[in-house]
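For this chain, numbers begin at 1 and follow the sequence in order.
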Amino acid sequence: MNAADTAWIIVATALVLFMTLPGLALFYGGLVRARNVLSVFMQCFGIACLMSVLWLAFGYSIAFGSGTSGYWGGLSHVFLSGVDASTVRDGTTLPEVLFFAFQMTFAIITPALIVGAYVERIGFGFVMTFSGLWMLLCYAPVVHWVWGGGILSDGGLFGATGLKDFAGGVVVHETAGLAALVIAVMLGARRNTTTPPHNPGYVMLGAAMLWVGWFGFNGGSQLAADGGAAMALTVTHISAAAASLTWALWERIKYGKASLVGMVTGTIAGLASITPASGFVGPIEALIIGSVAGVLCQEAVNLVRNSLKIDDTLDVFAVHGVGGIFGTIMIAVFGAGSWAAQMGSLVIVGVFTVVVTVVLVKLVSFITPLRVNEEDEYTGLDLAAHGERAYDHTS
């Protein structure tokens, strides 16, 4: 074990958890109506708790177990079997229990990202049941394929050079983005889709926390305290800054005004886009990726909302899905990965995610209702589902 590496990944683990709690909760909570803000907080918090337990029980073993099939890791590490404080994770200088904890925070935020697609109209029981099954049956296998030595890694389906995905463009953002789009289509639009965000201040605070936490997300994925981690952190920041500016500029050109909510959404687009490439590019490439992402993801929002008429409420697919896919392709553009592996993996994971998500939505809807009734949707999920409300006034 290496003390410096261990210390850095302990910090990175805390930073990635900070992304979900409270970062993502505030970001999403500020974007919904006042009568639904607590339901969003509840969904993010509940998912964080449930994914932690499921990751301990089965998720970690499925993703990083010792299985050799290439499709899943098996059950050798259920409930952290065979792992104690002195066990070192193969290929690293880290205690395996710390590697487990770091990856657990990724397993928390990935299904939590999907929340943005279905806020204001979905039952809490469905959220918890679907999220738990989706993490185990979709996310964890994909983690094994890419990061656990499975079929998409080096020496797998695409030969010596497999998919290059440093911190989750495919593993996190493509899977969450596509699942969000599928659920939005199957769920249908909200009754009222025209109400603006109730608290842009929450949105900015949440985005700022996500930005800070992303240093752990990308910088920690180096799994060492070295120059590679420093470069990943640096390019992450540059991409976020560039995308924020180009999103705001594009808004100003198209609509005459640049909004705060728009600018900080651009921040998230830049962060999602650099995530897969953050270990393979330098500052200039990051500047290019972020600058393009600010415009590309904004146009993707317009396409999904206005042309396709899909109520992906908080633009999960347009920002995270499109950003992650774009960043994965840019790895090949800049020569850091093979075109066959990058594009082929996007297709394989995309098809797998869509199929698993559709099947799980159908199955879980037999157990617990998918959508709340019209009266509860009008009342707001804070009161209807949880018996609480955030404010004395409503919007």
Side-chain angles (χ1 to χ4, degrees), residues 1-24 27 63-64 89 91-110 112-113 143 146-147 163-173 176 206-244 267-290 293 320 323-324 326-328 330-331 334 336-337:
M1 296 183 196
N2 180 279
D5 295 345
T6 300
W8 163 233
I9 302 306
I10 289 173
V11 172
T13 299
L15 285 170
V16 182
L17 180 60
F18 184 68
M19 291 173 69
T20 304
L21 302 175
L24 189 69
F27 182 71
F64 293 106
R89 173 66 189 176
T92 76
T93 58
L94 305 172
E96 183 154 11
V97 69
L98 175 58
F99 180 77
F100 158 85
F102 180 65
Q103 291 296 336
M104 178 176 63
T105 60
F106 282 66
I108 289 169
I109 197 170
T110 305
L113 290 174
V143 171
V146 180
W147 294 335
L163 171 66
K164 299 303 178 188
D165 183 4
F166 188 71
V170 171
V171 174
V172 174
H173 294 290
M209 291 172 181
L210 284 164
W211 191 342
V212 172
W214 227 290
F215 291 157
F217 198 87
N218 290 355
S221 292
Q222 179 72 5
L223 301 178
D226 60 14
M231 181 60 78
L233 185 152
T234 300
V235 299
T236 297
H237 186 80
I238 296 299
S239 180
S244 304
T267 307
I268 306 306
L271 291 165
S273 297
I274 195 62
T275 290
S278 55
F280 309 113
V281 301
I284 301 304
E285 292 87 350
L287 187 66
I288 294 169
I289 289 172
H320 293 277
F326 168 64
T328 301
M330 292 304 290
I331 293 172
F334 290 125

J.: Of all heavy-atom pairs between Val171 and Thr110, which one has the smallest distance, and what is that distance?
T.: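 Shortest heavy-atom separation between Val171 and Thr110 comes out as O-CG2, 4.4 Å.
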J.: Could you check if a side-chain atom of Ser278 sits within less than 4.5 angstrom of a side-chain atom of Met231, using non-hydrogen atoms only?
T.: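 Counting from C-beta outward, Ser278 and Met231 never come under 4.5 Å.
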J.: For the CG atom of Leu233 and the CH2 atom of Trp8, what is their distance to the nearest 0.5 Å?
T.: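 With rounding to 0.5 Å, CG (Leu233) is 6.0 Å from CH2 (Trp8).
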J.: Could you measure the distance from the CG atom of Asn218 to the CG atom of Leu15? Nearest 0.5 Å is fine.
T.: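 With rounding to 0.5 Å, CG (Asn218) is 11.5 Å from CG (Leu15).
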J.: Looking at side-chain heavy atoms only, is the closest gap between Glu96 and Phe64 below 4.5 Å?
T.: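 Glu96 does not reach Phe64 side chain to side chain.
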J.: Looking at every non-hydrogen atom in both residues, tell me the closest pair between Ser239 and Ile289 and how far apart they are.
T.: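 Smallest interatomic distance, heavy atoms only, reads OG-CG2, 4.2 Å.
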J.: Testing the 3.5 Å rule here: is there a donor-acceptor pair between the side chains of His237 and Trp214?
T.: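 Side chains of His237 and Trp214: no pair found under 3.5 Å.
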J.: Strictly distance-based, threshold 3.5 Å: is any side-chain N or O of Thr105 a donor or acceptor partner for the main-chain N or O of Phe102?
T.: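 At least one qualifying donor-acceptor pair exists.
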J.: With rounding to the nearest 0.5 Å, note down the distance linking CZ in Phe27 to CG in Leu113.
T.: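 These two atoms lie 10.0 Å from each other.
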J.: Taking atom CD1 of Ile238 and atom CD1 of Ile288, what is their separation to the nearest 0.5 Å?
T.: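 The CD1 atom of Ile288 is 12.5 Å from CD1 of Ile238, to the nearest 0.5 Å.
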J.: State, with a plain yes or no, whether a side-chain heavy atom of Pro95 is found less than 4.5 Å away from one of Thr6.
T.: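 Touching, per the 4.5 Å side-chain cut-off.
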J.: How long is the gap from CZ on Phe280 to CG on Asp165, to the nearest 0.5 Å?
T.: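 Going from CZ on Phe280 over to CG on Asp165, the span is 7.5 Å.
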J.: Give me the atom names and distance for the closest heavy-atom approach of Leu210 to Met19.
T.: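 That would be CD2-O, 3.3 Å.
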J.: Identify the heavy atoms of Ala277 and Gly327 that sit nearest to each other, and give their distance.
T.: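 For Ala277 and Gly327, the tightest heavy-atom pair comes out as CB-O, 4.2 Å.
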J.: Just by distance, do the side chain of Gln222 and the backbone of Gly219 share a donor-acceptor pair under 3.5 Å?
T.: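 Flag not set: sc Gln222 to bb Gly219 has no pair under 3.5 Å.
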J.: Do Thr275 and Val172 have side chains that approach each other closer than 4.5 Å (heavy atoms only, starting at C-beta)?
T.: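 Heavy-atom side-chain distance check fails, nothing below 4.5 Å.
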J.: Roughly how far, to the nearest 0.5 Å, is the OG1 atom of Thr328 from the CZ atom of Phe166?
T.: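 So the gap between those two atoms works out to 13.5 Å.
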J.: Assess, by modelled atom type and distance only, whether the side chains of Ser244 and Thr267 contain a donor and an acceptor separated by less than 3.5 Å.
T.: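 Side-chain D/A pair, Ser244 to Thr267: present.
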J.: For residues Ala224 and Ala229, report the shortest heavy-atom separation together with the two atoms involved.
T.: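 Answer, listing the atom of Ala224 first, then Ala229: O-CB, 3.4 Å.
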J.: Kindly indicate whether the side chain of Ile268, heavy atoms from C-beta on, has any atom under 4.5 Å from the side chain of His320.
T.: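 Yes, close enough: below the 4.5 Å cut-off.
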J.: Is there a side-chain contact between Thr236 and Leu271 in this structure, where contact means two heavy atoms from C-beta onward sitting under 4.5 Å apart?
T.: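 Result yes, sub-4.5 Å side-chain heavy-atom pair found.
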J.: Taking all non-hydrogen atoms of both residues, which atom of Ser273 and which atom of Ala293 are closest, and how far apart?
T.: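 Ser273 and Ala293 have their closest heavy atoms at OG-CB, 3.2 Å.
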J.: Is the Phe106 ring parallel, tilted or perpendicular to the Phe217 ring (thresholds 30°, 60°)?
T.: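 Rings of Phe106 and Phe217: parallel, as their planes differ by under 30°.
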J.: Are any non-hydrogen side-chain atoms of Ile108 and Val16 less than 4.5 angstrom apart?
T.: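 Counting from C-beta outward, Ile108 and Val16 never come under 4.5 Å.
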